[in-house]
2 protein chains.
Amino acid sequence: MKFLFLITFIHILPQCSGNPLSRHHTTSEEIKREIARYSDIAKAIINLAVYGNAQNRSYERLARFVDTIGPRLSGSKNLEMAIKYIFNALQEDGLENVHLEPVKVPHWERGVESAMMLAPRSYNISILGLGSSVATPPEGITAEVLVVTSFDELHKRAQDAKGKIVVYNQPYISYEETVKYRLLGAVEAGKVGAVASLIRSVTSFSINSPHTGLQKYQFDVPKIPTACISVEDAEMMARVASRGTKIVVTLKMGAKTYPDATSFNTVAEIVGSKYPEQVVLVSGHLDSWDVGQGAMDDGGGAFISWEALSLIKELGLRPKRTLRLVLWTAEEQGGVGAQQYYQLHKVNISNYDIVMESDEGTFTPMGLAFTGSDKARAILKEIMQLLQPINVTNIYENGGGTDIDFWVRDGVPGASLYDDISKYFWFHHSQGDTMTVQDPSQMNLCAAVWTVISYVIADMEERLPR
Amino acid sequence: MKFLFLITFIHILPQCSGNPLSRHHTTSEEIKREIARYSDIAKAIINLAVYGNAQNRSYERLARFVDTIGPRLSGSKNLEMAIKYIFNALQEDGLENVHLEPVKVPHWERGVESAMMLAPRSYNISILGLGSSVATPPEGITAEVLVVTSFDELHKRAQDAKGKIVVYNQPYISYEETVKYRLLGAVEAGKVGAVASLIRSVTSFSINSPHTGLQKYQFDVPKIPTACISVEDAEMMARVASRGTKIVVTLKMGAKTYPDATSFNTVAEIVGSKYPEQVVLVSGHLDSWDVGQGAMDDGGGAFISWEALSLIKELGLRPKRTLRLVLWTAEEQGGVGAQQYYQLHKVNISNYDIVMESDEGTFTPMGLAFTGSDKARAILKEIMQLLQPINVTNIYENGGGTDIDFWVRDGVPGASLYDDISKYFWFHHSQGDTMTVQDPSQMNLCAAVWTVISYVIADMEERLPR
């Protein structure tokens with residue numbers, strides 16, 4: 001899931017003001033005609049993915065994968081197994097240049113963790129420690145709670161925070177807006193002398209479900225243990241505190257950061273027939289948080305990306321440019337695998353036509369989010385018309401993702417799948433991220449969209465302009 | 001929540017076929033005029049509850065109560081504290097004849113419980129033991145899993161079930177239809193020699209949330225430990241089994257049944273001015289399962305019932321008949337408190353005008369569900385017109401509830417609040433049953449509906465006909 005870092009959404013925000021009308025650009029009649037000639041191929045892809053032999057394949061493959069491996073945290077044995085599993089599967093699928101590119105990745109484990117409310121009543125608070133959090137001492141940290149609803153309130157009540165466990169009960173505005181409490185909650189609480197922080201999970205809906213995710217310490221601020229709690233428990237403590245009742249909590253976290261581990265980006269290709277050095281990159285990330293099954297974030301995105309190559313191969317197609325599948329590692333730790341890939345491959349940046357990532361669910365697709373020049377956008381608009389048979393023709397602003405933004409920032413056109421994310425954050429980084437939220441029909445449609453777009457870009461006479 | 005016992009929904013089902021049109025009955029013009037004269041009182045109740053001083057009161061009272069006490073299982077210290085708390089609160093509220101009526105109630109505790117999948121991978125399955133389940137041996141029960149989707153499939157595969165842990169992955173049809181797997185899953189599995197049963201939670205939506213509830217052993221069938229699992233884990237094991245992969249689980253349950261405990265139904269009244277011996281009963285149950293806060297099931301119902309008396313008292317009204325609030329104990333164990341109340345008071349059954357219970361949520365009210373004669377229904381229809389200012393005028397079939405069905409079966413008119421239960425079972429008997437699902441505005445409306453109906457029935461010249 002993108003927007004992991006502040007830097008990411010600082011980067012994204014200015015683009016929000018773009019007026020879609022101002023982006024309108026005339027595509028030459030020749031290019032329009034060329035794209036229209038892909039109509040039969042697009043229909044063949046759609047038929048195979050949605051109604052044909054490949055129906056439900058990406059779902060079935062994903063189910064078998066996550067049921068076998070489970071969640072796949074950076075540095076874990078599970079992620080290692082997952083990469084071996086997928087490496088073998090891509091080879092068995094007959095894809096080309098299947099290989100692994102090594103990456104040093106963070107290795108953090110949550111260990112045993114718990115939070116007990118001791119006063120005003122004995123109550124077991126559900127928590128999920130946040131990625132990179134330090135541990136508490138073995139006996140835990142027992143302290144009074146200070147509940148705040150914002151960083152502003154924390155700063156105003158800085159004198160009260162010293163020695164306390166700060167509980168953030170911030171309202172949910174949007175993921176992009178609200179995630180700063182998860183990212184920076186421990187730092188801001190640490191600055192004012194708090195001994196730990198508990199953060200309301202970043203979701204608009206909860207069944208007492210805590211949601212984990214990354215947080216970032218600052219070198220000059222004391223590192224305090226930090227975890228997410230459910231919306232329900234944050235609201236409960238806020239109500240209790242508002243009545244002037246003292247809340248005392250014992251937080252125990254056995255979290256530990258180990259030396260960086262070796263992991264891999266997993267790569268497979270269909271090598272281009274005419275311009276093999278030119279690359280259309282489709283991707284998702286293979287790692288996940290250590291809860292649920294990582295089926296949605298980002299199993300779905302990874303497996304529709306694989307499916308794109310499978311479908312093209314099965315149809316006996318070979319585009320002029322190379323279609324490259326990359327399954328990133330350690331995205332959840334801040335795009336670590338993708339950054340390494342970028343460092344290694346940026347020397348060839350001029351050969352990258354487009355970088356595509358699906359990392360915001362594979363629910364009912366609504367179109368494509370795109371970042372690139374007006375000229376490129378106009379071409380994409382024509383390509384989207386090929387998806388009229390499944391009525392997914394819209395093109396949106398802000399194509400990107402944690403793993404591909406390195407390239408997009410350097411001017412490479414970037415695209416991400418735009419789907420119905422209305423429930424995405426209900427499950428995101430929680431125990432609820434399982435195959436149950438995935439739908440085979442929706443995945444079929446997503447795979448069709450992903451395949452038509454990537455194939456046509458890879459096969460057109462001219463490169464996608466920058 | 002009603003429909004706890006098979007006997008309840010066997011009782012309910014035949015009524016479903018009733019044609020509402022055939023129930024149409026003419027109410028005398030005199031009664032219509034009499035009811036219309038309550039228009040100002042109805043408006044005063046609505047104004048006080050929805051816009052006036054009492055706005056959000058039932059929500060605030062409930063929040064303070066559940067935040068202080070927590071969940072309140074039959075036989076627990078929490079339930080004992082809850083009854084003391086509410087007894088004092090009703091007295092402080094100035095209600096009349098506040099008293100407790102003792103009841104012997106079941107005392108079951110879940111103890112420590114866990115389920116670990118050992119094969120094909122190590123995975124901690126979220127469970128909630130079912131009420132009245134026996135324990136496993138301390139070392140747990142380790143056995144292979146047999147997944148079935150129905151009792152039919154279990155019977156067909158009876159030979160395979162011996163020595164296995166039966167996992168039910170039944171689809172969710174409706175609560176009434178599907179709850180039989182929770183109620184009878186252990187018995188049916190026990191009959192075919194299974195060593196334990198794990199049952200997919202009875203809900204249409206889940207964030208890996210198990211839902212507990214009652215189950216019933218049969219005297220001539222071996223008692224095997226039984227728990228609910230999440231929809232996600234039931235589906236996951238079904239997928240794994242469908243691939244021919246062997247699943248092994250270790251189930252540990254420390255559940256224990258203690259000797260029956262003493263509990264109480266809590267009663268308060270506004271004594272009738274003219275026919276004090278005649279009773280209009282409004283009710284909800286005070287006990288809950290031992291998860292979440294029991295805010296929805298049935299904190300909301302109990303507290304809008306209390307609110308009805310508070311609002312009438314605050315408006316200086318005193319109906320001709322006695323308005324009696326009963327907060328039942330041990331509903332979740334099968335209407336135990338209500339049965340005792342019925343045994344004790346049925347000698348006065350002729351004095352009961354109507355029994356009302358709110359135990360299906362206090363979400364946006366849509367009307368009243370009613371069971372009674374056509375004549376009584378026609379009068380209720382008129383009374384519902386008084387609720388036009390808040391547009392809650394519908395009347396539905398099948399008024400009832402676990403706690404009041406004893407009376408309804410004997411011919412006493414019965415009514416239950418009919419509200420928007422579209423998400424009710426998402427939270428029902430799970431850790432998600434907290435104040436977060438309650439909404440103060442919705443509770444205001446429910447309280448207004450409940451108060452207008454109960455007051456008018458208690459005050460009309462003539463009794464509600466049977």
Side-chain angles (χ1 to χ4, degrees), chain A residues 59-60 62-71 77-78 81 117 119-126 169 200-201 203 205-211 230-243 245 247 290-293 295 423 425-428 430-438, chain B residues 59-60 62-71 77-78 81 117 119-126 169 200-201 203 205-211 230-243 245 247 290-293 295 423 425-428 430-438:
Chain A
Y59 175 92
E60 296 296 342
L62 176 61
R64 189 179 284 263
F65 171 72
V66 299
D67 290 343
T68 304
I69 306 289
K77 286 273 172 219
N78 276 18
M81 284 194 297
M117 188 167 81
R121 67 183 180 94
S122 173
Y123 171 66
N124 185 9
I125 299 168
S126 289
N169 180 39
R200 172 174 161 152
S201 290
T203 177
F205 178 79
S206 173
I207 304 183
N208 203 44
S209 35
H211 297 235
S230 70
V231 170
E232 288 91 329
D233 286 340
E235 291 189 344
M236 181 270 287
M237 286 192 269
R239 286 193 305 272
V240 170
S242 75
R243 297 181 196 119
T245 305
I247 303 171
D290 57 340
V291 290
Q293 294 192 305
K423 290 188 178 143
F425 291 105
W426 297 14
F427 309 111
H428 181 247
S430 84
Q431 297 288 4
D433 179 353
T434 71
M435 280 312 289
T436 296
V437 311
Q438 295 294 124
Chain B
Y59 175 92
E60 296 295 343
L62 177 60
R64 189 179 283 263
F65 171 72
V66 299
D67 289 343
T68 304
I69 306 289
K77 287 271 173 223
N78 276 18
M81 284 194 296
M117 188 166 82
R121 67 183 180 95
S122 173
Y123 171 66
N124 185 10
I125 300 169
S126 290
N169 180 39
R200 173 174 160 151
S201 291
T203 178
F205 179 77
S206 172
I207 304 182
N208 203 43
S209 34
H211 296 236
S230 71
V231 170
E232 288 91 329
D233 286 340
E235 290 189 345
M236 180 269 289
M237 286 192 271
R239 286 193 306 271
V240 171
S242 75
R243 297 181 196 119
T245 304
I247 303 171
D290 56 340
V291 290
Q293 295 191 305
K423 289 188 180 142
F425 291 105
W426 297 13
F427 309 112
H428 181 247
S430 84
Q431 298 286 4
D433 179 354
T434 71
M435 282 311 290
T436 295
V437 312
Q438 297 293 125

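Protein chains get the first letters and strands the later ones, always in sequence-line order, with residue 1 at the start of each. Heavy-atom basis, side chains included; hydrogens, waters and symmetry copies ignored.
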Problem set entry | With sequence neighbours excluded, residues passing ring pair (Phe, Tyr, Trp, His ring centres under 6.0 Å) with A:Tyr59 | none
Exercise. Who passes side chain to side chain contact (heavy atoms under 4.5 Å, CB included) against A:Thr436, sequence neighbours left out?
Worked result: A:Thr434, B:Val231, B:Glu232, B:Glu235
Exercise. Contact part of B:Ser230 toward chain A, heavy-atom cut-off under 4.5 Å: side chain, backbone, both or neither?
Worked result: neither
Seminar exercise, completed: Most contact-rich option vs chain A, by heavy-atom pairs under 4.5 angstrom, among B:Ser122, B:Gly432, B:Ser430, is B:Gly432
For this session: Between chain B and each of A:Arg64, A:Met236, A:Met435, count heavy-atom pairs under 4.5 Å; write down the option with the most.
Result: A:Arg64
Exercise. Under 30°, 30 to 60°, or over 60°: which ring-plane class applies to B:Phe427 and A:Phe205, parallel, tilted or perpendicular?
Worked result: tilted
Exercise. Judged by atom type as modelled, is there a donor-acceptor pair below 3.5 Å linking the side chain of A:Gln431 to the main-chain atoms of A:Gly292?
Worked result: yes
Exercise. So which part of B:Val66 gets closer than 4.5 Å to some heavy atom of chain A, the side chain, the backbone, both or neither?
Worked result: backbone
For this session: Heavy-atom pairs under 4.5 Å with chain B are the metric here; pick the option from A:Pro120, A:Ser209, A:Gly70 that has the most.
Result: A:Gly70
For this session: Side chain from CB out, backbone as N, CA, C, O: work out which of these in A:Thr245 comes under 4.5 Å of a heavy atom of chain B, or both, or neither.
Result: neither
Exercise. For the side chain of B:His211 and the backbone of B:His428, is there at least one donor-acceptor N/O pair under 3.5 Å apart?
Worked result: yes
